[in-house]
Structures are given as C-alpha cells and as structure tokens.
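The structure under discussion appears below in the form of structure tokens.
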Amino acid sequence: MKNRSDVNWDVHGLCIGVPKRADYGAFKQLISDVLPYYGCNTLVLLIRYRYAFQRHPEVTDPGALTPRQAAEIAELCRANDIRLIPKMNLLGHQSGTDRGSELGLLRAYPEFDETPDLETVRYCRSLCPSHPAVTDVVFDLMDEILMAFDADALHVGLDEVFEIGHCPRCKDTPNAVLFADWVRALHRHLAVDRNAEMWMWGDRLLDAETMGYGEWESSANHTWERIDEIPRDIVMCDWHYEEGETFPSVPYFAEQGFPVVACPWRYVAHTQQFLDDAASYAAGKDSASNKVLGVLQTSWCDAGALARYLLGDDSIEGVARLVGESFRVAMEYGR
Ligand SMILES: [Zn+2]
C-alpha cells in the first residue's frame with residue numbers, strides 16, 4: 001500500500017462554524033497562527049444564517065458576523081495564504097426536528113418549507129426547491145455572502161436531505177430530478193453567472209446500496225439517480241466519520257469526473273483509515289486519481305473551543321479536543 005507521503009494534495013482544509021462573540025479573538029488567532037503552522041490552506045466557514053445580511057436582514061440569526069468582521073476574516077485569510085470558502089446549507093438543515101426551531105430562512109419565509117404540514121420532522125426541515133420564489137431569496141443570499149467574504153467559491157451544503165418530494169409542488173417529481181435540478185440551479189447562478197466555484201457534500205449522490213454506507217453518508221432516497229446531470233466542476237466533499245477499511249466513494253467520485261475532497265471528523269483512528277485509503281487511491285495509477293484534491297477536516301463542535309484547544313489550552317475536552325487531534329493528523333497527509 002502506498003502511504004501518505006506518496007501524494008501531494010492541493011487542499012488541506014478545515015471546516016468550522018462561526019465563533020461566539022467572546023471567542024472572536026481566539027478565532028482570528030486560529031487563522032493567523034494555527035492554520036499556517038499546520039499547512040492548512042483552506043478555511044470552509046459555516047455561516048448558515050449567522051451573517052448580518054443587508055439585503056435580507058429578516059433571515060439573519062443571532063450571533064451573526066457583521067460585514068466588517070467578514071471583511072476582517074477575509075483579509076486575515078488572504079494575508080496568510082488561506083482560501084476562504086464560506087458555507088451555507090441550501091436545501092436541508094433548515095431547522096431542528098421540532099416546530100419553532102427553524103433557522104433564519106424558514107423563520108422569515110415559512111412558505112419555503114418542504115413540510116409545512118408536519119409538526120415534527122425526522123431530522124431537519126428542507127427548503128422546497130420548487131417554490132417559485134425560493135431562488136429569488138437564495139440567490140441574493142449567495143451573492144451577498146460571496147461579496148462579504150470576497151470569496152471565489154461557496155460551499156452550498158446539500159447533505160443529509162431526508163425531507164424531499166413531500167409538498168404538493170414536489171410530490172409527483174422523482175427525488176433524483178428534484179435534487180439534480182436544484183444542484184444545477186445553484187450551479188448556474190454560482191459557477192456560470194458568478195464565475196465562482198461550487199463545493200457541496202457528496203452524500204446525496206452516493207447510492208447507499210452499492211456503496212455500502214448507511215443512509216446518512218449515502219442516499220437511500222434516490223437522490224443520486226441523476227448524477228449524470230450534475231456539473232463536473234463541482235467539488236465533492238466526501239464525508240465519512242465511521243470506521244472502515246475501504247471508502248469506495250473517493251474513487252467513485254473521481255472516476256465520475258468530480259474533483260473530490262476527503263472529509264473526516266473526530267476519531268483519529270477513523271480519520272487515519274479514511275485518509276490512508278484516499279491517499280492510497282490518489283497515489284495509484286488510476287487515471288482519475290489526480291481528481292483527489294485533498295482533505296477537509298470537519299469539526300461540528302464549538303468553534304471557540306476548537307480554536308482554544310489548537311492554541312494550546314489543554315483543559316478543552318470533548319469533541320473539540322478530538323477534532324483538534326484529528327486535524328493535526330489529517331494535515332499531515334498528502335505532503
Ligand atoms: Zn416542494
């Protein structure tokens with residue numbers, strides 16, 4: 001088996017959320033001190049609706065970054081040769097399970113809810129991709145985020161979509177068509193009209209049955225079936241957090257023609273299994289293996305705690321500590 005030193009990856013990234021106000025200083029120090037030290041050159045910043053949108057202030061959630069902070073983060077990343085890719089969730093992940101937990105967009109525009117008739121949903125609410133006005137607002141938000149962070153790419157989320165094909169507008173259309181049409185609509189706006197790169201999570205384009213992953217890391221609700229219609233310049237963020245020996249989705253996406261980034265999470269042992277396998281494929285002779293761009297460490301924990309742990313605060317426990325340990329290991333791959 002090839003090892004991690006046999007490939008040279010372009011992308012060494014960290015995906016992290018917006019910090020609480022009190023942690024903003026630590027967050028800036030993470031960018032200026034920690035990321036360059038570990039050779040981390042890509043920061044995917046999960047905004048959701050935590051930005052003080054000017055054109056649509058009604059969707060802004062509490063704890064939002066101001067335009068001035070966005071510009072400051074962008075400048076700090078630029079000064080440290082870090083590519084800043086803001087991230088939104090532009091299909092699923094619009095709420096918790098219960099009514100009243102809606103995030104900014106559905107709180108302000110309940111008519112965009114795919115499941116307005118359901119009091120509780122299995123995991124989280126989705127946008128209705130067929131609502132005639134949804135893109136009017138979504139495209140405005142995308143434009144404003146790109147501009148605020150002076151970004152040349154946007155991560156649009158699209159993971160773990162379970163609520164799809166439910167509303168009267170959508171229910172007679174196959175999920176695969178709904179999903180592919182929505183991806184193409186976002187791509188047209190972002191890549192074609194704005195010349196920005198589109199990144200997304202890959203799980204809805206993986207067939208759970210043939211991939212052998214569960215219904216979270218891959219799709220058991222048919223969303224993958226029109227993968228042929230998905231533009232091949234979208235960067236697929238292929239996330240896997242469980243243990244495993246082989247991760248067939250990395251070669252699958254590469255051979256399908258997508259640039260692909262391997263995205264581990266919290267357990268170092270799982271991160272190593274995943275990245276060993278991805279690096280082994282990337283170092284091989286397969287003609288598509290150069291489609292593997294690198295690694296994006298995910299965090300899914302408090303951004304301030306992770307920043308403080310990586311800045312040397314050894315009292316930090318829990319997921320932030322685990323993610324910090326995984327990050328150090330992940331950044332060693334592909335060099
Ligand atoms: Zn719908």
Side-chain angles (χ1 to χ4, degrees), residues 46-49 53 55-56 58-61 87-145 154-193 198-208 215-231 234 236:
L46 177 51
I47 309 290
R48 293 192 177 105
Y49 303 104
F53 290 98
R55 184 140 182 218
H56 292 285
E58 69 277 11
V59 308
T60 296
D61 274 336
K87 178 177 181 304
M88 303 185 75
N89 286 329
L90 295 179
L91 190 54
H93 283 279
Q94 301 300 319
S95 71
T97 53
D98 295 333
R99 176 76 65 204
S101 63
E102 290 83 357
L103 298 176
L105 185 52
L106 285 190
R107 191 184 56 239
Y109 297 91
E111 64 270 33
F112 297 162
D113 187 348
E114 179 63 18
T115 54
D117 55 319
L118 301 183
E119 270 307 301
T120 56
V121 290
R122 174 182 164 181
Y123 181 46
C124 45
R125 290 175 194 275
S126 301
L127 302 177
C128 171
S130 309
H131 191 286
V134 70
T135 50
D136 293 346
V137 180
V138 164
F139 290 172
D140 279 351
L141 301 180
M142 293 164 80
D143 287 348
E144 193 168 343
I145 287 284
L154 182 72
H155 192 310
V156 297
L158 309 184
D159 57 323
E160 300 175 322
V161 180
F162 295 105
E163 307 302 340
I164 184 170
H166 176 90
C167 85
R169 282 180 300 268
C170 293
K171 69 179 170 52
D172 295 326
T173 305
N175 286 352
V177 174
L178 292 167
F179 191 77
D181 284 356
W182 181 245
V183 170
R184 287 190 303 166
L186 297 180
H187 176 269
R188 198 175 312 120
H189 183 73
L190 196 57
V192 179
D193 295 346
M198 180 159 147
W199 288 39
M200 63 180 275
W201 300 120
D203 55 88
R204 288 308 95 185
L205 293 173
L206 300 174
D207 174 11
E215 62 178 333
W216 297 81
E217 298 180 40
S218 58
S219 166
N221 59 354
H222 304 284
T223 49
W224 57 272
E225 291 170 2
R226 296 282 178 110
I227 191 170
D228 288 351
E229 297 176 7
I230 306 296
I234 298 175
M236 287 298 160

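Atoms within each ligand, like the ligands themselves, are counted from 1 in listed order. Any value given below was found using the heavy atoms of this structure, including those in side chains, with hydrogens, waters and symmetry copies removed.
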Worksheet item: Is it true that some N/O/S atom of H131, main chain or side chain, lies under 2.8 Å from the Zn ion (ligand 1)?
Response: no

Worksheet entry | Test: E102 and R125 ion pair at under 4.0 Å | yes

Discussion item. Within rounding of 10°, what is the angle whose vertex is the Zn ion (ligand 1) and whose arms end at SG of C167 and SG of C128?
Written reply: 110°

Worksheet item: Has H166 got an N/O/S atom less than 2.8 Å from the Zn ion (ligand 1)?
Response: no

Worksheet entry | N, O or S atom within E114 nearest to the Zn ion (ligand 1), by name | OE1

Worksheet entry | Salt-bridge present (D143, R55; N to O < 4.0 Å) | no

Worksheet item: Does the side chain of L46 come within less than 4.5 Å of M88's, by heavy atoms?
Response: no

Worksheet item: Under 4.0 Å between a Lys/Arg side-chain N and an Asp/Glu carboxylate O for K171 and E163?
Response: no

